[in-house]
There are 2 protein chains.
Amino acid sequence: MSAYDIMLQRRSVRKFTDQQVTDEQIDTLLKAAMAAPSACNKQPWEFYVIKNADTLKSIKGASLFTKMNSTLIIIVAGNTHRALPKPAQDFWVQDCSAATQNILLAATEMGLGACWCGVHPVKLFAQKVQKILNLPSHIIPMSMIQIGYPDQSPEPRTQYNEKHVHVVE
Amino acid sequence: MSAYDIMLQRRSVRKFTDQQVTDEQIDTLLKAAMAAPSACNKQPWEFYVIKNADTLKSIKGASLFTKMNSTLIIIVAGNTHRALPKPAQDFWVQDCSAATQNILLAATEMGLGACWCGVHPVKLFAQKVQKILNLPSHIIPMSMIQIGYPDQSPEPRTQYNEKHVHVVE
């Protein structure tokens, strides 16, 4: 299947089977993540791979709408000490988002399902995750990706809408 | 080629040939963009497709390091009126970043090259682009994607680094 078709097939999956994601699959997800571009190639990201049942439970309680039955979560966090200095420092959000999107697409291609749950910029959510993972203040959790074998099959789609397109010819 | 391989092959391309990107290719890029996920499916994005030579010249002067010889630019902008209300409003940056990454990957798959140039959150850059495109203040240009047929061939790669991986077992 083409990358374009994988993009259409990638849908938010919120129900998972019990089948475990393997360490080899996790490695592929992380290699995909770290193939993303970053501003001035600063790679200002950290990846927290959560497999521990207690930690998974705590993490799922740190945000809204995140009580899914996944057995794997990857937290993508910005390392602001490794990001560009101000005023461009906040490009780390875009860098971590590109890495997150690559994880979703790689998961889809492997037959896994995933859901991107937002953490930063909601301070309450970010602080809860920081506390659970014992992170210093310069490591800011941005996305919580729930991953597993899908127990639901949303249809592939684009949501192309010509109203959002503006051509300057 | 697999989506994973396309992710590795996607590199920043900053030199282009004269060959024009077709309208059909642009449609595919935009369909890929709008297949990206967005917080609560708000789709808070606008895409400005710049083909006009004068506008291209002005836009390339609005930011740093953006004086490339591309003949097509897509500006991905956040529509904050369509985004989530506060405190989650700023998820539009992550949504537009996912859309931007999809454009880069779709371009790579079509044999095109592209470079993601940062605009927001550098206010000076965003304001210049807003002025050139005559955008209202609630439409915030986030990324400037230069696109064309590549005149350089960076090697595929991941920048996987185990130091950025933290496993909680």
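We name chains A, B, ... by the order of the sequence lines, and we start the count at 1 in each one. As the structure is a prediction and not an experimental result, all values here were calculated from the model. Keep in mind that the numbers below use all heavy atoms, side chains included, and drop hydrogens, waters and symmetry copies.
In this structure the side chain of B/Val49 never reaches within 4.5 angstrom of the side chain of A/Val168, judged on heavy atoms. Considering only heavy atoms from C-beta on, A/Glu169 stays 4.5 Å or farther from B/Asn52 through its side chain. Side-chain contact between A/Pro37 and B/Leu104: present, with at least one pair of heavy atoms (C-beta onward) separated by less than 4.5 Å.
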Item checked: Worked verdict on A/Val167 versus B/Tyr48 for side-chain contact (heavy atoms from CB on, under 4.5 Å) -> CA-CA 6 Å; A/Val167 181; B/Tyr48 296 87; over 6 Å; no
Notebook entry, point to check: Hey, mind stepping through A/Gln159 and B/Asn41 against side-chain contact (heavy atoms from CB on, under 4.5 Å) and telling me if it holds?
Noted result: CA-CA 10 Å; A/Gln159 295 190 99; B/Asn41 198 22; 2.7 Å; yes
Next item on the list: Begin with the C-alpha distance, continue with both residues' side-chain angles, and end with the deciding distance and a verdict on side-chain contact (heavy atoms from CB on, under 4.5 Å) for A/Tyr4 and B/Asn102.
Entry: CA-CA 8 Å; A/Tyr4 176 76; B/Asn102 271 10; over 6 Å; no
Note to self: I'd like to know whether B/Ile103 forms a side-chain contact (heavy atoms from CB on, under 4.5 Å) with A/Met7, so could you lay out the CA-CA distance, the side-chain angles of the two residues, the decisive distance to 0.1 Å, and finally the verdict.
What the structure shows: CA-CA 10 Å; B/Ile103 289 175; A/Met7 290 181 222; over 6 Å; no
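Smallest separation of non-hydrogen atoms from A/Thr158 and B/Lys31: OG1-O, 2.8 Å.
Under the 4.5 Å side-chain heavy-atom criterion for Ile, Leu, Val, Met, Phe, Trp and Tyr, A/Met144 and A/Met68 are members of distinct hydrophobic clusters. Using a 4.5 Å cut-off between side-chain heavy atoms of Ile, Leu, Val, Met, Phe, Trp and Tyr, with links allowed through other members, A/Ile6 and B/Leu29 fall into different hydrophobic clusters. Connection of B/Trp45 to A/Leu8 is not established within any shared hydrophobic cluster, with ILVMFWY side chains joined at heavy-atom distances below 4.5 Å, either directly or through further cluster members. Both A/Leu135 and A/Ile132 belong to a single network of hydrophobic side chains, linked directly or stepwise wherever heavy atoms of I, L, V, M, F, W or Y lie under 4.5 Å apart. Hydrophobic clustering of Ile, Leu, Val, Met, Phe, Trp and Tyr side chains at less than 4.5 Å, counting indirect connections, unites B/Val21 with B/Phe47.
At a cut-off of 3.5 Å, with distance as the only test, no side-chain donor of B/His164 or A/Gln43 sits close to an acceptor on the other residue.
Of the two parts of A/Arg82, only the side chain, counted from C-beta on, holds a non-hydrogen atom closer than 4.5 Å to a non-hydrogen atom of chain B. Residue B/Ile75 does not touch chain A at all, counting heavy-atom pairs closer than 4.5 Å. Interface residue A/Leu30: backbone and side-chain heavy atoms are both found under 4.5 Å from chain B. Within the 4.5 angstrom heavy-atom criterion, only backbone atoms of A/Lys163 (N, CA, C, O) approach chain B. Interface remark: B/Ser38 contributes no atoms to any contact with chain A (heavy atom separation under 4.5 Å). When heavy atoms are compared at a cutoff of 4.5 Å, B/Val76 does not approach chain A at all. Only the side chain of A/Trp116 comes within less than 4.5 Å of a heavy atom of chain B; its backbone N, CA, C and O stay farther away. The contact between A/Ser2 and chain B is made by backbone and side chain atoms together, counting heavy-atom distances below 4.5 Å. For B/Asn79, no part lies under 4.5 angstrom from a heavy atom of chain A.
Of the listed residues (A/Arg157, A/Met1, A/Met142), the greatest number of heavy-atom pairs within a distance under 4.5 Å of chain B belongs to A/Met142. Put simply, of B/Asn161, B/Leu56, B/Thr108, B/Thr100, the one with the most heavy-atom pairs under 4.5 Å next to chain A is B/Asn161. Highest contact tally toward chain B, considering only A/Cys117, A/Cys96, A/Ala98, is held by A/Ala98 [criterion: heavy-atom pairs under 4.5 Å]. Interface check for chain A: of the options B/Lys123, B/His120, B/Arg11, the most heavy-atom pairs under 4.5 Å are formed by B/His120. When A/Ile73, A/Thr28, A/Ile74, A/Asp5 are compared by the number of non-hydrogen pairs under 4.5 Å with chain B, A/Thr28 comes out ahead.
Put simply, the side chain of A/Arg10 gets close to the backbone of B/Ala35: a donor and an acceptor are under 3.5 Å apart. A/Glu109 places a side-chain N or O within donor-acceptor distance of the main-chain N or O of B/Ala3, the cut-off being under 3.5 Å. Put simply, the side chain of A/Gln94 never gets that close to the backbone of B/Ser143: no donor and acceptor are under 3.5 Å apart.
Here the OG-CZ distance, from B/Ser97 to A/Phe91, works out to 10.0 Å after rounding to the nearest 0.5 Å. One distance of note links CD of B/Gln101 with CG of A/Leu105; it measures 8.0 Å at 0.5 Å rounding.
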